[in-house]
Amino acid sequence: MTVPLTWYLIFATALFSIGFFAVLARRNAIAVLMGVELMLNAVNVNLVAFWRYLTPEDLSGQIFVVFVFAVAAAEAAVGLALMISIYRTRKTINVDEINELRL
Amino acid sequence: MDLRAIGESFIAWLQGLGIPDGWVLFINWLVGSVLILGLALTLALALIWLERKLAGRIQDRLGPNRVGPYGLIQPIADALKLLTKEDITPAEADRITYNLAPIIAVFHVLMLFAVIPFADQVVGANINVGVLYLMAFGALGTMAMLMAGWASRNKYALLGGFRVVAQLLSYEIPIALVMMIPVLLVGSLNLNDIASGQGGLFGLGWFVWIMPAAFLLYFIAALAEGERAPFDLLEAESEIVAGYNIEYSAMKFAWFYLAFFLNTWILSAIATTLFLGGWQGPFVDKIPALGVVYFFAKTFFMFFLFAWVRATFPRLRIDQMMAFCWKVLVPMGLALLLGAAIIVKMGAEMSWPGYMTNVLLLVMNIVVLLVMLSLLGRYTRTLSETKNKRLFAPELPRL
Amino acid sequence: MVGQILFIIVAAITLLMALGTVVARNLFHAALFLVGVFFGIAVLFIMLEAEFLGAAQIIIYIGAIATLIVFAIMLSKNVMGKEAGAYNRQWYLAMGGVVFFFLLMGWLLIQMPFAQVSAEVPADAISQIGQGFVGHFVVPFEVASVLLLVALVGAIMLARERNS
């Protein structure tokens with residue numbers, strides 16, 4: 001417990017920012033998805049840090065993290081399936097080239 | 001003689017020398033890690049000899065018999081040969097990834113040794129999430145092979161990499177389902193607790209007696225996780241030459257080879273801990289050191305089974321292998337886990353005597369096994385009927 | 001003190017890996033950096049005495065999600081080659097915005113007082129988590145399982161080859 005809570009929070013903020021940058025700036029859809037995963041991980045670090053420092057007896061913080069895991073897994077599965085499907089029809093997964101609604 | 005006492009007297013001796021507590025802990029852990037590491041590397045040599053000798057005998061050959069008595073020095077000769085060979089890196093290879101892959105492959109197996117209980121309380125790290133830890137570091141192996149397959153810039157290696165994902169990821173699911181069953185029966189994720197929860201007269205408390213179907217399922221899935229025949233499609237010589245490790249030579253190949261054998265041994269050790277009572281055996285409560293003997297005896301018996309299957313069975317086709325996992329093993333694992341959960345919960349609610357729960361579990365296992373076998377039997381019967389009807393059957397019924 | 005040094009080392013490595021994920025032109029390298037990030041975060045979870053989550057993080061993120069991402073990378077564009085033009089045209093705007101966001105949040109977090117308690121983690125934390133899933137959090141738990149099922153079916157439907 002020698003590490004202050006703020007360190008964890010600032011670490012998580014930095015991780016979230018890096019992921020956010022990937023989402024905003026990368027062209028490849030898979031890279032964007034990786035950015036989303038980074039952001040979700042930053043949120044997880046926050047949840048666990050808050051659980052440990054503020055309410056260690058109540059394990060809701062950890063349980064929330066498991067739900068985030070479930071959502072992240074579902075998101076990755078569907079997202080990657082979508083990308084493979086788009087790649088098959090368009091031969092690209094660059095998000096700024098996929099700008100037409102019809103496939 | 002208690003093995004635990006040796007460790008404690010070692011700590012006491014260090015403290016007697018006037019070393020501060022933090023360093024005592026550090027030295028203790030260091031010695032423990034070095035012991036486990038040494039054990040693992042020595043084991044690998046023994047395992048390679050054993051496997052080759054067994055396969056030789058089963059296939060009516062002699063096996064290695066040139067170097068040393070019964071060819072016992074053969075693995076050392078092999079290792080020396082591999083070390084002195086030229087170390088080749090393909091020109092187009094992705095250097096860092098290529099070199100990192102064998103390191104991770106060995107690292108993940110060695111990490112698994114840390115939580116295996118060799119005897120009561122004789123375990124590298126007695127952590128509360130032992131079973132989860134095993135699954136976690138098992139999953140890292142997939143990554144190592146994927147890295148090897150991609151970084152080699154070789155189409156066969158890449159195909160091997162694809163197969164790694166398909167096979168190891170798929171078989172992780174039944175193996176995880178089945179590993180949850182002992183956890184459910186004991187009520188703890190700690191491997192030492194699971195092993196000590198299987199006490200009883202002359203090994204009657206082992207989970208293999210009350211959950212035989214689960215043990216069988218574990219065994220089959222472990223064959224696939226350990227990339228052993230009939231599931232060695234990752235390195236099928238006749239199809240993709242050598243799979244993900246095709247471009248590796250010399251030392252780096254030796255690392256993959258090491259990881260392969262240690263992985264099989266670890267899978268046997270997990271089977272021993274989860275289903276065969278770990279270090280449990282007659283008189284183990286009076287002489288704790290016997291636990292190590294029992295543990296190694298059971299683990300080597302499991303290893304013998306793996307080697308036996310590998311030396312006997314031909315290879316499956318890849319679609320058969322995937323269909324077998326998703327259409328046979330996963331439903332079976334789900335049924336077993338669900339059945340065990342319901343029976344254990346009902347036993348706890350209605351306060352049945354212990355043997356009642358065990359009998360019901362056994363009946364449930366046999367029923368699941370019979371249903372699965374009859375379904376498989378019906379499938380093979382339609383398969384053979386279709387074949388008889390039309391010689392050049394364009395479409396076989398799918399499993 | 002040891003804890004602080006350890007935290008700084010782990011956090012620095014993890015952040016460098018995260019930067020690598022964003023900067024790497026080669027998507028496969030990006031995915032490997034991502035694995036490093038996941039591993040670093042598992043270490044942080046264990047430092048926060050959440051061993052269950054540390055192990056689950058490795059199983060789910062490295063064993064499943066990262067492997068899936070690598071698989072998708074191998075299946076899509078030029079398996080063996082580099083990618084030209086990793087960023088889109090507004091990347092400097094994104095960079096500025098993100099840096100601003102980080103500085104703002106960091107400033108706020110340093111100002112913010114938290115009511116910290118120094119209690120120990122309960123010894124039966126893992127079984128409490130399990131009871132939480134089938135007790136107080138049973139509805140979200142079931143919804144999560146339905147979500148995973150839908151994702152499973154949906155992913156198969158989307159990625160399947162339509163040979164009509």
Side-chain angles (χ1 to χ4, degrees), chain A residues 1-3 5-11 13-15 17-22 24-28 30-31 33-35 37-38 41 44-45 48-49 51-57 59-60 62-63 65-67 69-74 76-78 80-85 87 92-93 95-96, chain C residues 1 3-4 7 11 15 18-19 21-22 27 30 34 37 41 44-45 48-50 53 56 60 64-65 68-69 72-73 75-77 83 85-88 91 94-95 98 101-102 105-106 109-110 114-119 121-122 125 128-129 132-133 137 140 144 147-148 151 154-155 158-159:
Chain A
M1 295 293 276
T2 50
V3 184
L5 172 61
T6 322
W7 290 18
Y8 278 103
L9 299 183
I10 288 179
F11 166 78
T13 315
L15 197 63
S17 307
I18 292 170
F20 198 26
F21 176 69
L24 289 176
R26 288 296 294 244
R27 289 177 73 220
N28 192 298
I30 294 180
L33 193 81
M34 288 192 230
E37 297 295 344
L38 285 182
N41 264 286
N44 282 351
V45 171
V48 178
W51 159 75
R52 183 68 191 88
Y53 284 87
L54 304 187
T55 59
E57 298 92 8
L59 286 143
S60 307
Q62 288 206 33
I63 292 173
V65 174
V66 177
F67 289 134
F69 283 172
V71 172
V78 176
L80 292 171
L82 265 174
M83 280 165 213
I84 288 175
S85 160
Y87 180 74
T92 179
I93 44 170
V95 273
D96 49 3
Chain C
M1 194 57 206
Q4 289 187 350
F7 174 83
L15 285 181
L19 276 178
T21 312
V22 178
L27 269 181
L34 193 67
V37 175
I41 286 171
L44 285 182
F45 282 171
L48 284 165
E49 295 175 63
L53 289 181
I60 296 168
I65 294 178
L68 262 185
I69 288 176
I73 292 169
L75 280 179
S76 63
K77 193 146 86 186
E83 183 198 5
Y87 301 110
N88 57 20
W91 71 270
M95 177 85 92
V98 162
F101 171 81
F102 173 66
M105 283 305 288
L109 285 172
I110 290 170
F114 290 106
Q116 293 188 28
V117 291
S118 55
V121 178
Q128 276 195 37
I129 295 173
F133 281 133
F137 290 95
L147 174 75
L148 284 175
L158 280 171

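Here is how names work: the chains are called A, B, and so on, in the same order as the sequence lines, proteins then strands, and each is numbered from 1.
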> What part of C:Ile129 is in contact with chain A, defined as an atom under 4.5 angstrom from a non-hydrogen atom: side chain, backbone, both or neither?
Replying inline: both

>> Under a 4.5 Å cutoff for heavy-atom pairs, which residue among C:Leu44, C:Leu109, C:Leu53 has the most contacts with chain A?
In response: C:Leu53

>> Restricting to non-hydrogen atoms, name the atom on C:Glu49 and the atom on A:Arg52 that form the minimum distance, rounded to 0.1 Å.
In response: OE2-NH2, 2.9 Å

>> Quick check on the interface: out of C:Ala18, C:Gly154, C:Ala64, C:Gly106, who has the most heavy-atom pairs with chain A under 4.5 Å?
In response: C:Ala18

>> Counting only non-hydrogen atoms closer than 4.5 Å, does A:Trp7 touch chain C with its backbone (N, CA, C, O), its side chain (CB onward), both, or neither?
In response: both

>> Which one wins on heavy-atom pair count under 4.5 Å against chain C: A:Ala74, A:Ala76, A:Ala49?
In response: A:Ala74

>> So, using side chain to side chain donor-acceptor pair (under 3.5 Å) as the criterion, who are the partners of A:Thr6 when residues are at least two apart?
In response: none

>> For A:Phe67, which atoms come within 4.5 Å of any heavy atom of chain C: side chain, backbone, both, or neither?
In response: side chain

> With a 4.5 angstrom heavy-atom cut-off, which part of C:Phe137 approaches chain A: side chain, backbone, both or neither?
Replying inline: both

> Quick one: what part of C:Ile41 sits under 4.5 Å from any heavy atom of chain A, side chain, backbone, both or neither?
Replying inline: side chain

>> Just checking A:Tyr8 against C:Phe7, ring centres under 6.0 Å apart?
In response: yes

> Can you tell if the side chain of A:Ile18 reaches within under 4.5 Å of the side chain of C:Val98, non-hydrogen atoms only?
Replying inline: no

> Do you know which of A:Leu24, A:Ile10, A:Val78, A:Ile63 has the most heavy-atom pairs with chain C at a distance under 4.5 angstrom?
Replying inline: A:Ile63

> For A:Asn41, which residues count as a side chain to side chain donor-acceptor pair (under 3.5 Å) partner, sequence neighbours excluded?
Replying inline: C:Gln57

>> Heavy-atom pairs under 4.5 Å with chain C: which of A:Gly35, A:Ala22, A:Ala14 has the most?
In response: A:Ala14

>> Would you say CH2 of C:Trp91 has more than 12 non-hydrogen atoms from neighbouring residues, nucleotides or ligands within 6.0 angstrom?
In response: no

> Going from CD on A:Glu37 to CD1 on C:Ile69, what distance comes out if it is rounded to the nearest 0.5 angstrom?
Replying inline: 5.0 Å

> Relative to chain C, which segment of A:Met83 carries a heavy atom at a distance below 4.5 Å: side chain, backbone, both, or neither?
Replying inline: neither

> Checking C:Ile110 against chain A: side chain, backbone, both or neither under 4.5 Å from a heavy atom?
Replying inline: both

> According to the interplanar angle, ranging from 0 to 90°, do the rings of C:Phe45 and A:Phe69 count as parallel (below 30°), tilted (30 to 60°) or perpendicular (above 60°)?
Replying inline: tilted

>> Between C:Ala56 and chain A, with a heavy-atom cut-off of 4.5 Å, which part of the residue counts as in contact: side chain, backbone, both or neither?
In response: both

> Between C:Ala50 and A:Val48, what is the shortest heavy-atom contact and its length?
Replying inline: CB-CG1, 4.0 Å

> Looking at C:Ala144, C:Gly132, C:Ala11, which makes the most heavy-atom pairs under 4.5 Å with chain A?
Replying inline: C:Ala11

